[in-house]
2 protein chains.
Amino acid sequence: MATRTDASTRREQILKEAARLFAERGFHGVGVDEIGAAVGISGPGLYRHFPGKDAMLAELLVGISGQLLTGGRRRVEEAGAVAEGGPGAVLDSLIEGHIDFALDDRPLITLHDRELDRLRDSDRKLVRQLQRQYVELWVEVVRDVHPRLAEPPARAAVHAVFGLLNSTPHLSRPKLPGRAATAALLHAMARGAFASAAEAAAKA
Amino acid sequence: MATRTDASTRREQILKEAARLFAERGFHGVGVDEIGAAVGISGPGLYRHFPGKDAMLAELLVGISGQLLTGGRRRVEEAGAVAEGGPGAVLDSLIEGHIDFALDDRPLITLHDRELDRLRDSDRKLVRQLQRQYVELWVEVVRDVHPRLAEPPARAAVHAVFGLLNSTPHLSRPKLPGRAATAALLHAMARGAFASAAEAAAKA
DNA sequence: GAAATGGGTTAACGAGCGCTAACCTGAGGG
DNA sequence: CCCTCAGGTTAGCGCTCGTTAACCCATTTC
């Protein structure tokens, strides 16, 4: 081995390809031989790096959830510290971070809400917990921006906006506008959706 | 058999249970024995009604896509005929119809964008075509309401709003507000998202 | 009243799966 | 110069799955 970074490369390479394949054909639709072939080794060679196929999925899902949560927390701290532009800036930062993730790691976003039930109980609980904390982080920020929005509808609104932002994998054809334009569009739509949710809740 | 309606009941019963199971655990995660057990017969008895497991999924997905499309077309005609409230009323009707579907047939909505790739080529092409026509229907109506929105971003916006509306299966816990409130919230968010998309596109 | 038919049963087959076992190899380290 | 060991290989086991075969039994039809 050359450097420590290269040592972990093989593992990361496997995870990356596994994520792509899982997202394309589903966890049960992909065999270990295919995953091996995708990284140039074949079949059981994977078991030198992972105890099993389940472990790959678990590591992927836990990793995604953790990354989203820690990234979100970091953004809330940073954007909250400078305190410019009020609470709206914090929400903008959260949205921007989620869009970056959705656009850059499409397979992971797809897996994230599609294959959760294939996990062992303990792993699923962990992922669910991380996801819930991420949602609560958003709910707080959203209610900071729109104080008249009660908590239950705010939570539903956050889930709905996740659905909106995570829709990017579906329109993967090279027809649509460029990355920056897509990100701007999604950002505007998310803000508008939250604003309308608050407006509707205030009337009701 | 008693009536023709009862004759088709068994088939429909199978399709309903299969949809639920596919949505819960994925197409490859469900065995034919489980589907049979869910309707009171066991295993290969299903082959008196369907030529294979794939055919069940195909019929489900084609049926969903067709229902959405014909329902959408009907609503556009009806709401367009009365011509009250302008083009906004047509869009409202489309949104309402989609929300009804998402709230009442959750498993089908889940399958609809999750298991498409498990179909035979010909079936997948058919479903894709129906889906595309449905999207184009929406794009026309949206651009009627927001004329300054160009076609490519309008298409992306429609996909994004589908993601927003189809998020309901994720928040199935009995915590959230009632059906009517959820529908109203989603409706408001969808309208707001479109409006903001048009606004952002006009500026750029 | 025999014949046909719709709708079900159980047994079993063949393929594919995840995973283990046993073996191999080439690069450090003493 | 041998030993260790990380990281591969192929063979194969056991299990599950979708599907077929063969049989059965009501109910309807002529």
Side-chain angles (χ1 to χ4, degrees), chain A residues 1-61 111 115 117-121 123-124, chain B residues 1-61 111 115 117-121 123-124:
Chain A
M1 77 178 76
T3 74
R4 210 208 147 280
T5 313
D6 284 3
S8 49
T9 287
R10 184 40 71 89
R11 260 184 76 92
E12 288 168 10
Q13 190 187 3
I14 292 170
L15 284 174
K16 188 180 146 200
E17 295 300 312
R20 186 179 55 82
L21 290 167
F22 289 160
E24 276 175 12
R25 300 210 288 281
F27 179 68
H28 291 296
V30 179
V32 290
D33 291 358
E34 294 180 80
I35 303 174
V39 299
I41 73 183
S42 224
L46 296 171
Y47 287 76
R48 299 287 166 193
H49 303 278
F50 294 94
K53 192 185 160 193
D54 304 349
M56 301 181 205
L57 182 65
E59 192 162 325
L60 282 171
L61 291 185
L111 281 186
E115 307 283 355
D117 303 319
R118 280 67 173 171
L119 254 53
R120 285 178 18 235
D121 270 26
D123 291 324
R124 194 172 55 242
Chain B
M1 77 180 73
T3 75
R4 209 207 148 280
T5 313
D6 284 5
S8 48
T9 288
R10 182 41 70 90
R11 260 183 76 93
E12 288 167 10
Q13 193 186 1
I14 292 172
L15 284 174
K16 188 181 146 198
E17 294 301 311
R20 186 180 53 83
L21 290 167
F22 288 160
E24 276 175 12
R25 301 210 289 280
F27 179 68
H28 291 295
V30 178
V32 290
D33 292 357
E34 293 179 81
I35 303 174
V39 299
I41 72 182
S42 224
L46 295 171
Y47 286 76
R48 298 289 166 191
H49 304 277
F50 295 94
K53 192 185 161 195
D54 305 348
M56 301 182 205
L57 182 65
E59 193 162 325
L60 282 171
L61 291 186
L111 281 185
E115 306 284 354
D117 303 320
R118 280 68 173 169
L119 254 52
R120 285 178 18 235
D121 270 26
D123 292 324
R124 194 172 55 241

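Just so it is clear, the values below take in all heavy atoms, side chains as well, and ignore hydrogens, waters and symmetry mates. Below, chains carry the letters A, B, ... as their sequence lines are ordered, and counting in each starts from 1.
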**Message:** By the 4.0 Å heavy-atom rule, please label A/Val30 as base, sugar-phosphate, or nothing.
**Reply:** sugar-phosphate

**Prompt:** Which part of the nucleic acid, if any, lies within contact of A/Gly45, taking any heavy atom under 4.0 Å across all strands shown: a base, the sugar-phosphate backbone alone, or nothing?
**Reply:** base

**Prompt:** So which of residues 49-57 of chain A are in contact with DNA chain C, with a heavy-atom cut-off of under 4.0 Å?
**Reply:** A/Gly52, A/Lys53

**Spacing of B/Phe22 atom CZ relative to D/dG18 atom C1', expressed in whole Å** = 12 Å

**Request:** Measure across B/Arg118 and A/Glu24 and return the closest heavy-atom pair with its distance rounded to 0.1 Å.
**Result:** NH1-O, 3.9 Å

**Asked** Is A/Arg10 near enough to D/dG8 that one of its side-chain N or O atoms lies under 4.0 angstrom from OP1 or OP2?
**Response** yes

**Request:** Could you pull out all residues at least two apart from B/Ile41 that satisfy side chain to side chain contact (heavy atoms under 4.5 Å, CB included)?
**Result:** B/Arg10, B/Val39, B/Leu46

**Prompt:** Can you check whether B/Gln13 reaches B/Lys16 side chain to side chain, under 4.5 Å on heavy atoms?
**Reply:** no

**B/Leu46 CG to D/dT20 C1', straight-line distance once rounded to whole Å** = 14 Å

**Message:** Rounding to an integer number of Å, can you tell me how far A/Ile35 CD1 sits from C/dG18 P?
**Reply:** 7 Å

**Request:** Using atom NE2 of B/His28 as one end and atom C1' of D/dC15 as the other, report the distance to the nearest whole Å.
**Result:** 18 Å

**Prompt:** From the list D/dG8, D/dA11, D/dT20, which nucleotide is the closest neighbour of the side chain of B/Tyr47?
**Reply:** D/dT20

**Item:** Whichever of A/Ile41 and B/Val32 has its nearest DNA chain D nucleotide further upstream toward 5'
**Value:** A/Ile41

**Request:** Let me know the distance between CZ of A/Phe27 and C1' of C/dC17, rounded to the nearest Å.
**Result:** 12 Å

**Request:** Write down the atom of B/Leu21, the atom of B/Ala38, and the distance for their closest heavy-atom approach.
**Result:** CD1-CB, 4.2 Å

**Asked** Do B/Ile35 and B/Val30 come within less than 4.5 Å of each other through their side chains, counting heavy atoms only?
**Response** yes

**Asked** Shortest non-hydrogen contact from B/Leu61 to B/Glu115?
**Response** CD1-O, 3.9 Å

**Fill in**
Whole-Å distance, B/Arg11 CZ to C/dG6 C1', equals 14 Å

**Message:** Less than 6.0 angstrom from the centroid, inside 45 degrees of the normal: does B/Lys53 satisfy that with respect to the ring of B/Phe22?
**Reply:** no

**Spacing between A/Asp33 atom CG and C/dC19 atom P, to the nearest angstrom** = 12 Å

